[in-house]
Amino acid sequence: RQLVKQHQKLEDEIHALRDETARRLNVASIYSVGLAHMSAFMERFKQAYLSAEVRLDYMHPEQVNEAVEQGEVDLGLVSFPEDTRTLAAIAWRTEPLVIVCHPDHLLATHSRIELSELAGQSFGALETNLRSRAEIDRALMVAKVDVDVAHEFDNIEHIKRDIETGAGVSILPAPTVEREVASGSLVRVPIAGTTLERPLGIIHRRDRELNSIGKQFVELLQSDAHFQTDSNGQAIEISRRRKGTKLGDLAPLREANQES
């Protein structure tokens with residue numbers, strides 16, 4: 001009888017551990033996904049799934065990839081996601097890139113700006129090992145435009161602070177400057193003649209099936225992306241959700257890392 005009780009107790013402990021694990025989800029995200037957006041989303045998710053225990057940590061791009069690959073987190077939110085041998089990528093949303101400058105800059109009054117108008121401008125850029133920098137450099141090269149890269153940073157927040165001092169211009173994802181545009185500290189201007197975008201996606205380990213909470217998190221995150229910005233940086237409603245879409249068709253630059 002004692003053995004039966006011990007066996008039942010052990011089974012109860014195993015079931016309790018499984019239930020606790022099933023409720024848990026660890027997520028890593030790049031900083032520029034949007035702190036305010038993710039904070040609001042996390043509150044909505046917790047209200048929808050009261051039993052869920054979700055932890056969200058912000059990291060640099062390479063740290064997000066490493067954390068997912070090493071199994072330290074279940075999901076990673078990244079820009080320019082790619083399917084790899086160990087990671088699977090799911091589409092989330094696409095953000096238009098816009099030209100950003102100080103309100104007193106000569107370009108601030110333009111309704112649209114050709115890339116050619118950036119020739120010779122003092123330019124705030126991401127570091128050369130980041131994917132977004134590679135994409136922007138490629139666009140400028142195709143347009144045969146040489147900018148004066150005055151400062152390089154490892155994240156978008158530092159670029160914004162630099163431009164707020166009046167230090168030139170940059171090309172950034174429209175949603176990342178919403179707060180500054182609203183406060184009047186920065187101006188964003190659509191790019192004319194071409195479309196530049198930054199895709200965001202969700203990565204996870206191929207060899208680990210997401211638990212129920214993980215699947216619900218992805219589902220709600222994708223449906224939460226029903227508002228997106230157009231080339232002018234204005235909110236528009238997405239008419240078709242790209243749930244589960246793989247991102248191998250996004251012209252990958254495999255030699256460049258992902259962007260913060």
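Predicted, not measured: the structure shown is a model, and the values here were computed from it.
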- Step through the shown structure and confirm whether more than 12 heavy atoms of other residues, nucleotides or ligands are within 6.0 Å of CG on Asp57. yes

- Query: Do other residues, nucleotides or ligands put more than 12 heavy atoms under 6.0 Å from the CD atom of Gln70?
  - Reply: yes

- Answer yes or no: is there an ion pair linking Arg206 with Asp83, defined by an N-O contact shorter than 4.0 Å? yes

- Message: Less than 4.0 angstrom from a charged side-chain N to a carboxylate O is my criterion; do Glu53 and Arg55 meet it?
- Response: no

Say you draw a straight line from [atom1] of [X] to [atom2] of [Y]; how long is it, rounded to the nearest 0.5 Å?
| X | Y | atom1 | atom2 | answer |
| --- | --- | --- | --- | --- |
| Asn129 | Glu152 | CG | CD | 9.5 Å |
| Asn155 | Lys160 | CG | NZ | 9.5 Å |
| Ser116 | Asp146 | OG | CG | 12.5 Å |
| Arg93 | Leu221 | CZ | CG | 8.0 Å |
| Ile203 | Thr84 | CD1 | OG1 | 8.0 Å |
| Ile159 | Asp154 | CD1 | CG | 9.0 Å |

- Message: Between Ile99 and Gln121, is the side chain to side chain contact (heavy atoms under 4.5 Å, CB included) condition met? List the steps.
- Response: CA-CA 12 Å; Ile99 294 168; Gln121 290 285 341; over 6 Å; no

Can you check whether [X] reaches [Y] side chain to side chain, under 4.5 Å on heavy atoms?
| X | Y | answer |
| --- | --- | --- |
| Ile136 | Leu97 | yes |
| Leu118 | Leu107 | yes |
| Ser32 | Arg198 | yes |
| Ile202 | Leu77 | yes |
| Val149 | Arg133 | yes |
| Leu220 | Ser223 | yes |

Smallest separation among heavy atoms of [X] and [Y], with atom names:
| X | Y | answer |
| --- | --- | --- |
| Pro61 | Leu130 | CG-CD2, 4.5 Å |
| Leu126 | Ser132 | CD1-CB, 3.7 Å |
| Ser111 | Pro190 | O-CD, 3.4 Å |
| Ala91 | Gln222 | O-NE2, 3.0 Å |
| Gly214 | Leu25 | CA-CD1, 3.7 Å |
| Ser79 | Ile30 | N-CD1, 3.6 Å |

So, the side chain of [X] versus the backbone of [Y]: is there a donor-acceptor pair under 3.5 Å, distance only?
| X | Y | value |
| --- | --- | --- |
| His60 | Glu62 | no |
| Arg112 | Ala192 | no |
| Asp74 | Asn26 | yes |
| Glu95 | Val33 | no |
| Arg205 | Glu69 | yes |

- Message: Pair Leu75, Val73 - check side chain to side chain contact (heavy atoms under 4.5 Å, CB included), show working.
- Response: CA-CA 6 Å; Leu75 295 172; Val73 300; over 6 Å; no

- Query: Should the pair Phe153 and His158 be assigned to parallel (<30°), tilted (30 to 60°) or perpendicular (>60°) ring geometry?
  - Reply: perpendicular

- Could you go step by step and tell me if Val145 and Glu114 meet the side chain to side chain contact (heavy atoms under 4.5 Å, CB included) rule? CA-CA 10 Å; Val145 175; Glu114 298 272 355; over 6 Å; no

- Task: List in chain and number order the residues that pass ring pair (Phe, Tyr, Trp, His ring centres under 6.0 Å) with Phe45, two or more places apart in sequence or in another chain; answer none if no residue qualifies.
- Result: Tyr49, Phe217

Pairs of donor and acceptor atoms involving the side chains of residues 161-175, under 3.5 Å and at least two apart or interchain, shall be tabulated with distances.
{"unit_1": "Arg161", "atom_1": "NE", "unit_2": "Glu164", "atom_2": "OE1", "d": "2.7"}
{"unit_1": "Arg161", "atom_1": "NH1", "unit_2": "Glu157", "atom_2": "OE1", "d": "3.0"}
{"unit_1": "Arg161", "atom_1": "NH2", "unit_2": "Glu164", "atom_2": "OE1", "d": "3.4"}
{"unit_1": "Arg161", "atom_1": "NH2", "unit_2": "Glu164", "atom_2": "OE2", "d": "3.4"}
{"unit_1": "Arg161", "atom_1": "NH2", "unit_2": "Glu180", "atom_2": "OE2", "d": "2.8"}
{"unit_1": "Asp162", "atom_1": "OD2", "unit_2": "His151", "atom_2": "ND1", "d": "3.2"}
{"unit_1": "Glu164", "atom_1": "OE2", "unit_2": "Ser185", "atom_2": "OG", "d": "2.8"}
{"unit_1": "Thr165", "atom_1": "OG1", "unit_2": "Asp162", "atom_2": "O", "d": "2.5"}
{"unit_1": "Ser170", "atom_1": "OG", "unit_2": "Gly124", "atom_2": "O", "d": "2.6"}

- Message: Between His110 and Glu117, is the side chain to side chain contact (heavy atoms under 4.5 Å, CB included) condition met? List the steps.
- Response: CA-CA 11 Å; His110 289 48; Glu117 297 179 71; 3.3 Å; yes

- Query: Under a single-linkage definition using a 4.5 Å side-chain heavy-atom cutoff for Ile, Leu, Val, Met, Phe, Trp and Tyr, are Ile191 and Leu106 assigned to the same hydrophobic cluster?
  - Reply: no

